[in-house]
Amino acid sequence: MSTQKPTFRVMKNGYDRFAVDDAIDQYALQVEQLQKKIELYQQQLVETTRALDDLKQRYQQILATDASRKEQADNIARLSLREANEIISTAQNNADEIVKEAVSTARLILVDLSKLYSQAGDVKSDMRKQLETMLSSLDDFRIPKMPDMRWLEDAEEKLR
């Protein structure tokens with residue numbers, strides 16, 4: 001299909017009728033092919049426009065879903081942070097209570113130890129007094145003199 005301007009032979013009453021008819025047929029064929037291409041392009045344009053509209057709709061849905069998910073994630077993060085803070089607060093309160101109980105128990109133990117120490121001192125002084133009394137009693141204790149063992153030997157010899 002050439003885009004050159006056709007030239008016709010000049011004849012007696014005008015141009016060569018067969019050459020003109022051939023050129024017109026070629027132009028008609030060309031016009032028909034171009035119209036088919038236009039129809040095809042228009043159909044492709046409609047399909048492409050429809051696909052574009054579908055993609056736009058899907059894009060809007062994705063945006064809406066994404067926004068919803070971001071909102072849900074923010075809510076979850078906020079709730080998690082609140083719950084974590086509550087757990088930390090509870091743990092701190094529990095730890096404070098445990099420390100208070102431990103200090104109270106330690107105080108009671110120290111009071112008991114102080115009493116025991118005092119009692120141990122009293123027992124020690126009592127024991128010391130008793131030991132001193134015992135020592136003095138032992139010092140005062142007089143062992144009788146042992147009899148002369150020779151008389152026993154003499155008596156044994158006589159019995160034999």
Begin with the C-alpha distance, continue with both residues' side-chain angles, and end with the deciding distance and a verdict on side-chain contact (heavy atoms from CB on, under 4.5 Å) for R128 and L131. CA-CA 5 Å; R128 180 173 280 140; L131 280 174; 5.7 Å; no
Has the side chain of S104 got a donor or acceptor atom that lies under 3.5 Å from a matching backbone atom of K100? no
Nearest 0.5 Å, please: how far is CZ in R69 from CD in Q72? 8.0 Å
Trace of the side-chain hydrogen bond (donor to acceptor under 3.5 Å, both in side chains) decision for N75 with R78: CA-CA 5 Å; N75 288 340; R78 195 175 326 103; 2.9 Å; yes
Measure the CG-CG distance between L79 and D74 for me, rounded to the nearest 0.5 Å. 11.0 Å
Would you say T105's side chain and E101's backbone share a donor-acceptor pair under 3.5 angstrom? yes
Are R82 and E86 ion-paired here, with the side-chain N under 4.0 Å from a carboxylate O? no
Side-chain donor or acceptor of S89 paired with backbone N/O of N85 under 3.5 Å: no
Value rounded to 0.5 Å, distance of CG in D140 from CG in L135: 10.5 Å
Where do D154 and R150 land on the salt bridge (Lys or Arg N to Asp or Glu O under 4.0 Å) test, with the steps shown first? CA-CA 6 Å; D154 289 339; R150 280 184 260 158; over 6 Å; no
How many angstroms lie between CG in L138 and OG1 in T133, if you round to the nearest 0.5 Å? 11.0 Å
More than 12 heavy atoms of other groups within 6.0 Å of Q44 CD: yes
Other residues, nucleotides, ligands: >12 heavy atoms within 6.0 Å of E47 CD: yes
pair Y59-L63: side-chain heavy atoms closer than 4.5 Å: yes
Give me the one residue out of L113, V111, D112 that meets side chain to side chain contact (heavy atoms under 4.5 Å, CB included) with I109. L113
Atom pair OG1/CD of T65 and Q60 - distance to nearest 0.5 Å: 11.0 Å
So, taking the atom named CD1 in I88 and the one named CG in L81, what distance separates them when rounded to the nearest 0.5 Å? 8.5 Å
For the residue pair Q26 and L29, establish whether any side-chain heavy-atom pair is separated by less than 4.5 Å. no
Does S114 reach the main-chain N or O of L110 with its side chain, forming a donor-acceptor pair under 3.5 Å? no
